[in-house]
Amino acid sequence: MKLITAVIKPFRVDAVREALTGMGVHGLTVTEASGYGRQRGHTEVYRGAEYRIDLVPKARLEVVVEDTDADAVMDAIVTAARTGKIGDGKVWAVPVDTVVRVRTGERGPDAV
Amino acid sequence: MLLASSPSGLDTGDTAWLLASTALVLLMTPGLALFYGGMVRSKSVLNMIMMSFVSIAVVTVVWLTVGYPLAFDRDAGAGLIGNLDHLGMAGITPSSLTGHVPTLLFAAFQLTFAIITAALISGAIADRARFGAWVLFTAVWTVLVYVPVAHWVFAPDGWIAAHLGALDYAGGTVVEVNCGASGLALALVLGPRVGFKKEAMRPHNLPLVLLGAGLLWFGWFGFNAGSALGANGIAAAVLLNTQVAGCAGLLGWLVVEKRRDGHATTLGAASGAVAGLVAITPSCGSVDLPGALAIGLAAGVVCSFAVSWKFRLGFDDSLDVVGVHFVAGVIGTVLIGVFATATMTGRVSGLLHGGGLGQTGKQAVAVVVVAAYAFAVTWGIGKAIDKLMGFRASRDDELTGLDLAVHAETAYDHGVLSHGATHLSVTAGLPHSSDKAPVA
């Protein structure tokens with residue numbers, strides 16, 4: 001199994017969710033996050049005082065899938081999240097030892 | 001402020017309007033609490049709001065014991081202070097009259113001015129004052145600073161009103177210049193916030209700021225038009241002047257920041273409206289509509305630049321009590337000398353209406369004396385309280401945020417985890433109870 005994590009633009013979350021649902025991935029964890037990569041922050045002005053805001057709002061998506069599905073899921077996320085502009089984010093995958101479904105106690109791929 | 005010198009019985013219309021105005025002005029202080037509260041960081045919003053709310057309580061008690069008689073009892077000499085004929089409001093009955101309204105109502109109306117003036121100062125020392133020290137400060141400051149200045153300007157036998165002849169309809173000197181100069185003094189006594197000029201201290205909730213500004217604007221009709229102390233044509237003219245100046249201030253500020261910074265901001269709109277309303281406060285009873293428009297516009301434009309002085313000069317007037325209230329208060333008070341018209345004042349005319357420069361000079365003297373007195377005495381009070389009990393919160397408390405450190409509360413419980421909160425015990429039970437069982 002693999003844990004796929006994506007940090008993407010918040011307004012692309014719905015598109016990613018629809019893409020994943022369309023390919024049979026029924027489950028996703030989304031966290032509000034903030035950070036920066038090559039895209040830096042923006043400037044805000046309060047009573048004439050300018051502030052540079054470095055951390056940009058992002059969404060962090062996490063989904064556990066079977067090894068055979070991992071590449072396809074990552075491709076789907078990348079396609080759905082892409083705007084072509086700087087700051088589209090990153091997607092990565094790491095191996096997962098075990099997964100347990102809390103309600104039933106199922107372990108391994110059955111729990112995904 | 002037009003104190004009728006020959007009372008000829010109670011006027012129910014005047015009384016009804018002043019009752020309503022008193023309630024309007026009282027609402028300005030909770031409005032100010034939101035206006036200020038939204039501008040600070042989320043870790044000290046409750047403390048900011050609390051400084052305004054506690055002013056309502058403290059100043060009310062002080063006003064009704066010694067404040068009102070010292071400010072408005074007959075003069076004790078030289079127009080400097082009233083005497084204590086009515087200490088604790090003794091001898092003032094429901095049938096006592098001031099002009100055509102009950103004296104008790106006049107005292108309540110004036111009380112609401114004293115409250116908000118004390119509360120306004122808190123904006124200069126946001127995020128870093130010890131709460132007990134602030135409570136003590138509001139009491140002492142009301143007696144030593146607000147009360148004498150109110151007597152000089154608002155009492156018919158006060159020296160600025162009676163001898164100098166400067167005009168101040170609803171408190172450009174008493175409220176605005178006073179709170180601004182006092183705020184500057186206190187900001188200097190406490191020193192800047194940790195991280196001032198380095199960290200971004202953004203307003204944490206602008207909708208709160210705009211809601212507060214709206215409540216201030218609403219209450220300002222009572223503040224200014226209530227100061228007519230009557231339901232009449234002057235009150236109507238004052239009300240419309242107030243509206244025009246607030247709008248001109250708002251537009252003036254927005255035009256400047258759109259050209260200068262590239263964006264018209266909500267904080268700019270709120271600040272500009274308040275600047276215009278501040279400037280028309282002293283002048284609302286002496287100018288016509290074009291005068292009100294000019295004064296409001298001048299305040300909006302000038303204050304949009306004045307708020308940067310604190311960064312250049314290095315004093316942390318956190319929420320711009322100086323940049324908005326002091327500066328607009330000076331503008332509005334001094335420009336009476338230019339725009340005053342006899343159709344409003346009944347006698348005095350400003351420069352533009354054939355009155356010469358004399359009135360402007362009187363206005364300037366009133367501003368300088370009130371500013372110097374407020375600054376000096378407030379600085380002394382601040383230093384004394386700092387020596388006595390410490391005025392500045394500890395560095396740790398300031399960094400943690402005063403909401404948690406001082407009040408043991410947090411303003412916002414966002415997110416699904418409620419910060420991992422667990423019920424521990426009930427402290428409000430019987431004094432000797434050690435029973436920690438759940439209460440029914």
Side-chain angles (χ1 to χ4, degrees), chain A residues 3-14 16-18 20-21 25-64 83 85-87 89 99-104 111-112, chain B residues 35 38-41 123 195-206 209-210 213 253-272 274-275 300-312 316-324 327 414-417:
Chain A
L3 166 66
I4 297 171
T5 304
V7 175
I8 63 169
K9 290 182 170 166
F11 64 89
R12 301 307 299 168
V13 169
D14 281 346
V16 171
R17 203 164 47 78
E18 277 167 28
L20 293 184
T21 307
V25 177
H26 299 293
L28 181 66
T29 302
V30 183
T31 323
E32 290 186 13
S34 57
Y36 63 87
R38 288 184 194 170
Q39 178 197 21
R40 300 306 287 240
H42 57 270
T43 303
E44 296 182 7
V45 192
Y46 298 98
R47 283 184 171 165
E50 283 199 341
Y51 298 118
R52 203 185 69 233
I53 312 299
D54 274 335
L55 299 180
V56 184
K58 293 288 166 191
R60 177 190 175 105
L61 279 54
E62 287 164 305
V63 56
V64 179
T83 67
K85 297 207 178 82
I86 199 161
V99 174
V100 182
R101 188 188 303 278
V102 172
R103 176 171 54 85
T104 59
V112 169
Chain B
F35 182 67
M39 269 190 264
V40 297
R41 292 164 291 176
F196 176 63
K197 290 212 288 187
K198 296 188 198 85
E199 294 168 24
M201 296 173 177
R202 287 186 289 168
H204 89 284
N205 189 332
L206 283 169
V209 174
L210 279 110
W253 191 304
L254 287 188
V255 167
V256 168
E257 66 174 9
K258 174 67 185 162
R259 294 177 61 92
R260 183 186 63 197
D261 312 325
H263 304 276
T265 67
T266 56
L267 183 60
S271 309
V274 169
V301 168
V302 174
C303 290
S304 73
F305 290 101
V307 289
S308 68
W309 296 348
K310 66 178 179 186
F311 296 114
R312 288 175 198 180
D316 185 7
D317 167 24
S318 314
L319 309 183
D320 301 309
V321 186
V322 177
V324 175
V327 171
H414 288 157
V416 292
L417 298 180

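Below, chains carry the letters A, B, ... as their sequence lines are ordered, and counting in each starts from 1.
- With a threshold of 4.5 angstrom between heavy atoms, A:Glu44 approaches chain B through side-chain atoms but not through N, CA, C or O.
- The two residues A:Val45 and B:Thr265 come nearest to each other via the heavy atoms O-CG2, 3.9 Å.
- Of all non-hydrogen atoms in B:Trp253 and A:Arg47, the two that sit nearest each other are CZ2-CG, 4.0 Å.
- Closest non-hydrogen pair, A:Tyr51 versus B:Glu199, comes out as CE2-O, 4.4 Å.
- Counting non-hydrogen atoms of other residues, nucleotides and ligands closer than 6.0 Å to CZ of B:Phe311 gives a total above 12.
- With a 6.0 Å radius and a threshold of 12 heavy atoms from other residues, nucleotides or ligands, A:Glu32 has its CD atom at or below the threshold.
- Of the listed residues B:Glu257, B:Met39, B:His263, the one with more heavy-atom pairs under 4.5 angstrom with chain A than any other is B:Met39.
- Rounding to the nearest 0.5 Å places OG1 of B:Thr266 at 8.0 Å from OH of A:Tyr46.
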